[in-house]
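Predicted model only: the values in this text are computed from it and were never measured. The chains referred to below are lettered A, B, ... by the order of the sequence lines, with proteins before strands, and numbering in each begins at 1.
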Amino acid sequence: MYSVLRRASPKPSFSIPWNHSPPPQLPQDAALASLILESDREGLTRILHDPNIHWTSDSVNKTLKRLWNHGPKALQFFNTLDRHPTYTHSSSSYDHAIDIAGRLRDYKALWAFVSRMRSRRVGPGPRTFAIITERYVAAGKPDRAVKVFLSMHEHGCPQDLNSFNTILDVLCKAKRVEKAYNLFKVFRGRFRADCVSYNILANGWCLIKRTPRALELLGEMVERGIDPSLTTYNILLKGYLRAGQVKEAWEFFLQMKKRKCEIDVITYTTLVHGFGVVGEIKKARKIFDGMVGEGVLPSVATYNALIQVLCKKDCVENAVVVFEEMVSKGYVPNVTTYNVLVRGLCHAGNMDRAMELMERMKDDECEPNVQTYNVVIRYFCDAGEIDKALNVFEKMGRGDCLPNLDTYNVLISAMFVRKKPEDLLVAGKLLIEMVDRGFAKEILRSQSRCGRLPRQVKL
DNA sequence: ATAGGGTTAG
């Protein structure tokens with residue numbers, strides 16, 4: 001039975017936590033994570049304060065990471081352990097907790113962690129502020145993020161070029177490029193902006209498809225005596241391709257070659273992917289086949305790019321051939337390789353082979369992640385095979401990979417499509433489970449963005 | 001955790 005149905009019966013008591021579902025050879029932190037999810041406050045203290053468990057910073061961090069999509073429980077775990085008689089949290093665990101609080105937009109808790117960190121003299125450090133600013137920006141508060149950056153020194157962590165570049169990057173990655181550029185103009189002198197600062201901003205303009213501004217910035221850096229690096233050129237190249245300026249991209253690449261710029265594997269990966277996504281498969285292949293002759297070996301990412309575009313714009317069989325080829329050459333596929341191919345197989349209607357590949361992943365010691373599961377669940381739902389989707393969901397729930405908002409969204413909406421009464425019952429239970437796990441705020445936010453819920457609906 | 005290349009999808 002999957003977890004929602006189990007939830008319907010009385011919860012197992014703590015002395016026999018695994019009575020209903022004995023853990024199948026799960027890593028310790030995964031077993032712990034599911035145990036935490038199932039337990040109430042009292043039980044939690046009992047487990048965590050058990051003198052037989054030896055806590056380390058590493059095991060705490062792994063557990064927090066597992067509970068990433070279950071914020072309230074994760075913080076409850078962190079706080080309970082914070083009252084442990086002998087164990088004290090490390091700075092990286094505080095950073096994790098701060099990240100989670102920020103994701104939940106619980107700024108009160110976030111700043112309480114910062115003060116506690118400081119009073120225990122384990123921070124806050126540059127990484128802490130990278131996290132905090134990123135969370136504010138993600139919550140749509142870029143001005144707040146800038147203020148936090150400007151007040152870092154008041155928390156005992158002085159700003160430097162690194163932290164300056166970090167805040168620029170955080171703003172750019174969230175597409176607040178104009179804001180980043182304004183901050184940059186004010187402080188580039190004080191922090192001695194370097195090539196990295198310029199690259200971050202150039203990449204920002206490229207992300208919002210404003211390649212002319214990126215090019216302008218390139219001129220600006222040269223004017224100020226900073227030499228563009230290969231990274232700079234790769235950013236521009238990617239920018240042209242992202243903006244659909246394929247011809248310009250190719251000309252830019254030829255210029256790079258002509259100017260004796262050392263072309264690297266990232267340049268080639270960018271090209272293979274870029275030409276592939278616009279459907280120029282032959283060109284993508286030609287670039288891929290030609291790179292070795294230029295003295296550059298493909299990486300796993302290059303293979304991933306080729307496999308992905310073959311799945312999307314050619315046919316999945318050819319992608320499988322390339323996959324087998326890379327394996328026979330001794331490359332070790334990573335989780336992205338598998339995910340791309342699993343999705344390709346699903347898309348081609350080969351659900352059985354997709355599931356087989358997922359099994360092969362496990363045999364190859366590459367654990368499927370939430371994306372892998374979500375893809376398969378989504379395609380099963382699309383095909384109306386809700387029972388099979390639930391079957392896969394059940395496998396996740398056992399703890400090795402916890403569901404996220406997408407997982408719930410896909411499953412629940414699929415059940416509303418079919419409208420069988422028993423489905424609706426399960427959908428309701430899933431919804432309760434979601435709310436239980438702290439997804440409610442997130443749902444409301446995403447729904448109100450789409451205008452699907454009236455504003456007065458409150459949870 | 002200072003920058004560039006691969007992950008779902010309407």
Side-chain angles (χ1 to χ4, degrees), chain A residues 91-92 95-96 98-99 124-134 160-170 172-173 180 191 193-204 206-207 214 221 226 228-239 241-242 256 263-274 276-277 284 287-288 291 296 298-312 319 322-323 326 331 333-344 346-347 368-379 381-382 404-407 409-410 413 446 450:
Chain A
S91 62
S92 57
D95 286 343
H96 269 295
I98 285 169
D99 204 4
R127 195 178 155 181
T128 318
F129 286 98
I131 291 165
I132 297 172
T133 51
E134 196 179 322
D160 58 6
L161 177 58
N162 295 342
S163 53
F164 181 52
N165 285 344
T166 301
I167 179 78
L168 292 178
D169 197 41
V170 164
C172 284
K173 293 263 162 68
F191 292 114
D194 62 357
C195 181
V196 175
S197 324
Y198 281 94
N199 287 348
I200 288 166
L201 283 162
N203 190 47
C206 288
L207 281 177
M221 71 191 283
I226 296 169
S229 61
L230 177 54
T231 301
T232 320
Y233 296 126
N234 284 339
I235 287 168
L236 260 295
L237 183 65
K238 175 81 189 172
L241 288 166
R242 188 186 283 116
M256 285 170 73
I263 309 293
D264 70 359
V265 62
I266 293 180
T267 320
Y268 285 110
T269 306
T270 306
L271 287 171
V272 168
H273 183 253
V277 292
I287 295 162
F288 183 88
M291 61 190 283
V296 183
S299 65
V300 172
T302 322
Y303 273 102
N304 292 350
L306 184 61
I307 290 169
Q308 191 209 155
V309 298
L310 288 175
C311 287
K312 279 192 172 161
V322 173
F323 175 80
M326 81 181 271
Y331 285 90
N334 60 23
V335 66
T336 305
T337 322
Y338 286 104
N339 285 351
V340 165
L341 202 53
V342 165
R343 189 193 161 275
C346 288
H347 197 77
N369 60 18
V370 68
Q371 279 100 335
T372 326
Y373 284 105
N374 285 353
V375 169
V376 176
I377 289 173
R378 177 183 301 272
Y379 277 95
C381 285
D382 284 354
N404 66 11
L405 182 61
D406 281 344
T407 322
N409 269 338
V410 169
S413 42
S446 64
C450 307

Student: Could I get the full list of side chain to side chain donor-acceptor pair (under 3.5 Å) partners for A:Asp382, not counting sequence neighbours?
Tutor: none
Student: For A:Leu271 and B:dG5, what is the distance between atoms CG and P respectively, to the nearest whole Å?
Tutor: 13 Å
Student: Could you check whether A:Phe323 and A:Tyr303 have their ring centres less than 6.0 Å apart?
Tutor: no
Student: With sugar-phosphate meaning primed atoms plus P, OP1 and OP2, does A:Tyr379 contact a base, only sugar-phosphate, or nothing at under 4.0 Å between heavy atoms?
Tutor: sugar-phosphate
Student: Which of the following nucleotides, B:dT7, B:dA1, B:dA3, is nearest to the side chain of A:Lys173?
Tutor: B:dA3
Student: Given atom CZ of A:Phe191 and atom C1' of B:dA3, what is their separation to the nearest angstrom?
Tutor: 18 Å
Student: Should A:Asn304 and A:Thr336 be marked as a side chain to side chain donor-acceptor pair (under 3.5 Å) after you check the CA-CA gap, both sets of side-chain angles, and the distance that decides it?
Tutor: CA-CA 7 Å; A:Asn304 292 350; A:Thr336 305; 4.6 Å; no
Student: When you get a sec, tell me which of B:dT7, B:dT2, B:dA1 is the closest nucleotide to the side chain of A:Asn369?
Tutor: B:dT7
Student: Calculate the interatomic distance between A:Met221 atom CE and B:dA3 atom P; express it in whole Å.
Tutor: 15 Å
Student: Counting any heavy atom closer than 4.0 Å, what does A:Thr302 reach on the DNA or RNA strands: base, sugar-phosphate only, or nothing?
Tutor: base
Student: Can you tell me how far C1' of B:dA1 sits from CD1 of A:Ile200, to the nearest Å?
Tutor: 12 Å
Student: May I have the distance from A:Lys312 (atom NZ) to B:dG6 (atom C1'), rounded to whole angstrom?
Tutor: 10 Å
Student: Out of B:dA1, B:dG4, B:dT2, which has the shortest distance to the side chain of A:Thr231?
Tutor: B:dG4
Student: Passes side chain to side chain donor-acceptor pair (under 3.5 Å), A:Ser163 versus A:Thr166? Steps please.
Tutor: CA-CA 5 Å; A:Ser163 53; A:Thr166 301; over 6 Å; no
Student: Kindly indicate whether the side chain of A:Ser299 and the base of B:dG5 share any N or O donor-acceptor pair separated by less than 3.5 Å?
Tutor: yes
Student: Between B:dT2, B:dT8, B:dG4, spot the one nearest the side chain of A:Asp406, thanks.
Tutor: B:dT8
Student: Classify A:Gln308 by what it touches in the nucleic acid, base, sugar-phosphate, or nothing, heavy-atom distance under 4.0 Å.
Tutor: sugar-phosphate
Student: A:His273 side chain N/O closer than 4.0 Å to the phosphate oxygens (OP1, OP2) of B:dG5?
Tutor: no
Student: Which nucleotide in the list B:dG6, B:dA3, B:dG5 gets nearest to the side chain of A:Val265?
Tutor: B:dG5
Student: Go through A:Thr267 and A:Asn234 one step at a time and tell me if the side chain to side chain donor-acceptor pair (under 3.5 Å) criterion holds.
Tutor: CA-CA 6 Å; A:Thr267 320; A:Asn234 284 339; 2.8 Å; yes
Student: Choosing from B:dT2, B:dG4, B:dG6, which nucleotide comes nearest the side chain of A:Asn165?
Tutor: B:dT2
Student: For A:Ile235 versus A:Ala202, what's the shortest heavy-atom pair and its separation?
Tutor: CG2-C, 3.9 Å
Student: How many whole angstroms separate atom CG of A:Leu341 from atom P of B:dG6?
Tutor: 18 Å
Student: For A:Val340, answer base if it contacts any base atom (sugar-phosphate contacts may also be present), sugar-phosphate if it contacts only those atoms, and nothing otherwise; contact means non-hydrogen atoms under 4.0 Å.
Tutor: sugar-phosphate
Student: Tell me whether the side-chain N or O atoms of A:Asp264 pair up with the base of B:dG4 as donor and acceptor below 3.5 Å, since no angle test is needed here.
Tutor: yes
Student: Using whole Å, report how far CG of A:Leu306 lies from C1' of B:dG6.
Tutor: 11 Å
Student: Go through the steps for A:Asn404 and A:Asn374 under the test side chain to side chain donor-acceptor pair (under 3.5 Å), then give the verdict.
Tutor: CA-CA 9 Å; A:Asn404 66 11; A:Asn374 285 353; 3.2 Å; yes
Student: Where does B:dG6 fall, syn or anti, if syn means a chi angle no more than 90° from 0?
Tutor: syn
Student: Nearest to the side chain of A:Thr270, which nucleotide is it out of B:dG6, B:dA3, B:dG5?
Tutor: B:dG5
Student: Starting the side chain at C-beta, find the nucleotide from B:dG5, B:dT7, B:dA1 nearest to A:Ala130.
Tutor: B:dA1
Student: By the 4.0 Å heavy-atom rule, please label A:Leu237 as base, sugar-phosphate, or nothing.
Tutor: nothing
Student: Consider the side chain of A:Asn162, meaning its heavy atoms from C-beta on, and name the nucleotide among B:dT2, B:dG5, B:dG4 that approaches it most closely.
Tutor: B:dT2
Student: Rounded to the nearest Å, what distance is computed from the CZ atom of residue A:Arg378 to the C1' atom of nucleotide B:dT7?
Tutor: 13 Å
Student: Return the nearest nucleotide to the side chain of A:Lys238; candidates are B:dT7, B:dG6, B:dG4.
Tutor: B:dG6
